[in-house]
Amino acid sequence: MDHRKYNIYFHTHTISGIFIAALLYVIFFAGSFSFFKDDISAWQKGKSAVARKVKPEYNYLLDSLSEHYNLRGRNFDFYIKRQGNGTYVNLSTSQDTTISKPKSKPEGKRRGRGRGDDGDSAYFLYSFTDKKPASYAEGYDMGEFLYRLHFLAQLNQIPIHIGTPFGYLLAGIVAFLFLFALITGLLLHWDKIKSNFFVFRPWSKWKTVWTDMHTALGVIGFPFQLLFAVTGVILIVNFVLLAPFSDLVYKGDIDKLYEDLQYNRTTKVDYTYKPMQASFDMDALVGKWQNEWKNSKLSGIYIRNYGDESMQVMIEAKPDPRENFAGSGFVKIDVGSGKTLELKSPDKDVSYIDKVKSLVYHLHFGDFGGRPLRIIFFVLGLMGCVVIISGIMIWLVARDKVSTPGYKRKFNFWASNVFLAACLSMLPVTAFTFIMVKTLSRVDQSVIYNVYFYSWLALGIYFIIRKDLPLMNRQTLLLSAVLCLGVPIANGVSTGLWMWKTVQEGALDIFFIDVLFLLLSAACAFAYLKISVQAKPFKVMTFSAR
């Protein structure tokens, strides 16, 4: 490789990597835990979705709602959770204006999904296990928190209005820059990729150790990281990617574009003001199509004009990725006549759009190989975190030279100090929040936000003030070892679900989270002991840390 190309690849890789380092670490760290989102939710609630399968009772849900609302003429949207133990329910204002008259809302306020109330509609989470409703904030858990953190959704609350939620846009930019860092990094090491792949010199100087670690783990994890960079860009910034097609082909009708891409389906039914004469058994209807699509899971149920002669029901399903990798299905039924108006099988009628969407979705979420594949993805995700940390250290040490002006060395140190404080404190803060959600009497969205972000801020500021990178490394490892060990203990003390009990009951999802944190605790304790005994002294030039 000639010198000019090497410099181009080197500087592009370094600049793109350092700009996104901290945010990319957050995305990889939170995304790694997001592979176990359902297991984390079961662990926090103390109710296994594996040990006891719950049969949804929609008739019971509708009867319960009828005690608080006049259901006639309303539209229902049921967004069924992946494991089928609950659903989000969106209940609209009635189409029958003689029954439902919404209260006027204050000027300037708008109702968003899951936020607010116009006095007659509702949006809530319903558990088929407890048969109880809860608002989105009340049903919020650590699984949802980490899942949304991995695409920076919490930053959407920042009042920056640029046409798309700020957090999503920032995550998309990070994913896009990550593509540059990956490709230029591969080109940078291409000539020596084979000879350097097996090189690791742990007893050499620190820059060499971090360089070997960065290169070896980067090459091993390259296919995984490239996969997540590409699919992440597609999933998080699809609106930006699709906007030109909306303007050119669909004359600006973005809703029509999303309907053709099967992201949503419009079901408009004219209200007749005539009561439906036929009886309606929702459990029987859902059960019929579940039996018809045995290798699929229901993902959504949509009712239009409930109780009216024009009432229609649409049921959506997705095939089990372990049985059928691509596909989606739906059926639209006229309830009064019992006629099937539209039908698409999730197993047989697989379109090109189904194949592309399924490929992107399943590769990103790793849900097609069961828990073993998700464990592999989890380990590879944490390896990505190590690559980021080693990259920061390479950047710092390479620039901490006598020939470098003092103000630049100070800036380089403080940038690395802040980055590493934010990154390394994530594991102990995460374990601490897991412990707190088991010990606090009330846990909802605001409690999780306060515990996680305030403890993260406090620990991060502490390490920044200490200005000692080796100390930061030792203390985060020690804190992580202690707090990760405390996670299964907190679960056992607060709920009585000790690991031996969850195994006996078949609650393997709860058992798995306890074991995961035990292993993380053991790994951190081992690393702490090793660096305390064997680690070589490392020190950034003295005045740069002042």
Side-chain angles (χ1 to χ4, degrees), residues 28-54 80-88 125 127-130 134 139-151 297 299 320-322 361-362 364-382 426-427 429-439 443 445 448 452 480 483-523:
F28 263 99
F29 183 90
S32 297
F33 280 92
S34 296
F35 291 122
F36 312 121
K37 178 177 182 290
D38 295 330
D39 298 331
I40 292 172
S41 298
W43 180 90
Q44 180 175 330
K45 295 179 171 106
K47 294 171 184 174
S48 174
V50 176
R52 184 167 66 93
K53 293 293 183 181
V54 179
I80 303 170
K81 297 181 73 174
R82 185 165 53 184
Q83 293 204 347
N85 57 353
T87 179
Y88 290 99
L125 172 63
S127 170
F128 292 120
T129 305
D130 299 333
Y140 201 81
D141 55 45
M142 281 300 294
E144 181 75 3
F145 174 81
L146 291 169
Y147 168 71
R148 296 185 67 79
L149 182 62
H150 104 275
F151 50 87
K297 294 182 179 180
S299 58
D320 186 332
R322 289 169 291 187
Y361 182 90
H362 293 315
H364 191 82
F365 290 98
D367 60 352
F368 57 92
R371 185 171 283 118
L373 180 65
R374 286 185 281 131
I375 292 173
I376 293 173
F377 275 23
F378 175 81
V379 173
L380 289 171
L382 294 186
M426 277 196 78
L427 180 55
V429 165
T430 301
F432 173 72
T433 309
F434 269 77
I435 293 172
M436 294 305 294
V437 299
K438 280 295 186 179
T439 55
V443 177
Q445 185 177 17
I448 292 176
Y452 197 96
S480 298
L483 292 173
C484 286
L485 178 62
V487 170
I489 295 175
N491 184 36
V493 171
S494 62
T495 65
L497 293 174
W498 298 99
M499 287 187 291
W500 53 86
K501 188 174 180 180
T502 53
V503 170
Q504 291 173 353
E505 294 178 355
L508 298 182
D509 43 2
I510 299 176
F511 171 78
F512 176 76
I513 296 301
D514 284 339
V515 171
L516 175 65
F517 275 94
L518 272 181
L519 293 175
L520 288 174
S521 175

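Atoms considered below: every heavy atom in the structure, side chains included; atoms not considered: hydrogens, waters and symmetry mates.
- Closest approach of I510 and G46 over heavy atoms only: CD1-C, 3.9 Å.
- Residues G366 and L373 come closest through the heavy atom pair O-CD2, 3.9 Å.
- Applying the side chain to side chain contact (heavy atoms under 4.5 Å, CB included) test to I80 and every residue at least two apart in sequence or in another chain returns Y58, T87, L298, I301.
- Residue pairs that meet the salt bridge (charged side-chain N to carboxylate O under 4.0 Å, His left out) test with at least one member in residues 497-516, sequence neighbours left out, do not exist here.
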Quick one, C484 with L427, criterion side-chain contact (heavy atoms from CB on, under 4.5 Å). Give me CA distance, side-chain angles, the key distance, then yes/no. CA-CA 8 Å; C484 286; L427 180 55; 4.1 Å; yes
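- Proximity of T502 to L508: side-chain heavy atoms (C-beta onward) are nowhere separated by under 4.5 Å.
- Counting heavy atoms from C-beta outward, D320 and F368 have side chains that stay 4.5 Å or more apart.
- F35 and F377 have perpendicular rings, their planes meeting at more than 60° on a 0 to 90° scale where under 30° would count as parallel.
- In terms of heavy atoms, A49 sits closest to N85 at CB-ND2, 3.8 Å.
- Minimum interatomic distance between G143 and S41 (heavy atoms only, all atoms of both residues): CA-OG, 4.2 Å.
- Side-chain contact between Q44 and F145: absent, with no pair of heavy atoms (C-beta onward) separated by less than 4.5 Å.
- In this structure, M499 and F511 approach most closely via the heavy-atom pair O-CD1, 3.6 Å.
- Qualifying side chain to side chain donor-acceptor pair (under 3.5 Å) partners for S299, counting only residues two or more places apart in sequence or in other chains: none.
- In terms of the side chain to side chain donor-acceptor pair (under 3.5 Å) criterion, residue partners of T430 (sequence neighbours excluded) are, by chain and number, Y452.
- A heavy-atom distance below 4.5 Å is found between the side chains of K81 and L125.
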Applying side-chain contact (heavy atoms from CB on, under 4.5 Å), run through I375 and F36 and close with a yes or a no. CA-CA 9 Å; I375 292 173; F36 312 121; 4.2 Å; yes
Show your reasoning for whether side-chain contact (heavy atoms from CB on, under 4.5 Å) applies to W43 and L497. CA-CA 9 Å; W43 180 90; L497 293 174; over 6 Å; no
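- Annotation: the span from F33 atom CZ to M426 atom CE amounts to 8.5 Å, rounded to 0.5 Å.
- Aromatic ring pairs are classed by plane angle as parallel below 30°, tilted from 30° to 60° and perpendicular above 60°; the pair F434 and F517 is tilted.
- Counting only residues at least two apart or on different chains, the salt bridge (charged side-chain N to carboxylate O under 4.0 Å, His left out) pairs with a member in residues 36-49 are K37-E144, D38-R82, D39-R371, D39-R374, K45-D141, K47-D130.
- When atom types are taken as modelled, the side chain of S34 and the backbone of L146 share a donor-acceptor pair closer than 3.5 angstrom.
- Listed by chain and residue number, T231 satisfy the side chain to side chain donor-acceptor pair (under 3.5 Å) test with H364 (two or more places apart in sequence, or in another chain).
- The shortest distance between side-chain heavy atoms of L149 and F29 does not fall below 4.5 Å.
- T433 OG1 to L483 CG: the interatomic distance, rounded to the nearest 0.5 Å, is 9.5 Å.
- Not one N or O on the side chain of T495 forms a donor-acceptor pair closer than 3.5 Å with the backbone of G492.
- Y147 and F365 have tilted rings, their planes meeting at an angle from 30° to 60° on a 0 to 90° scale.
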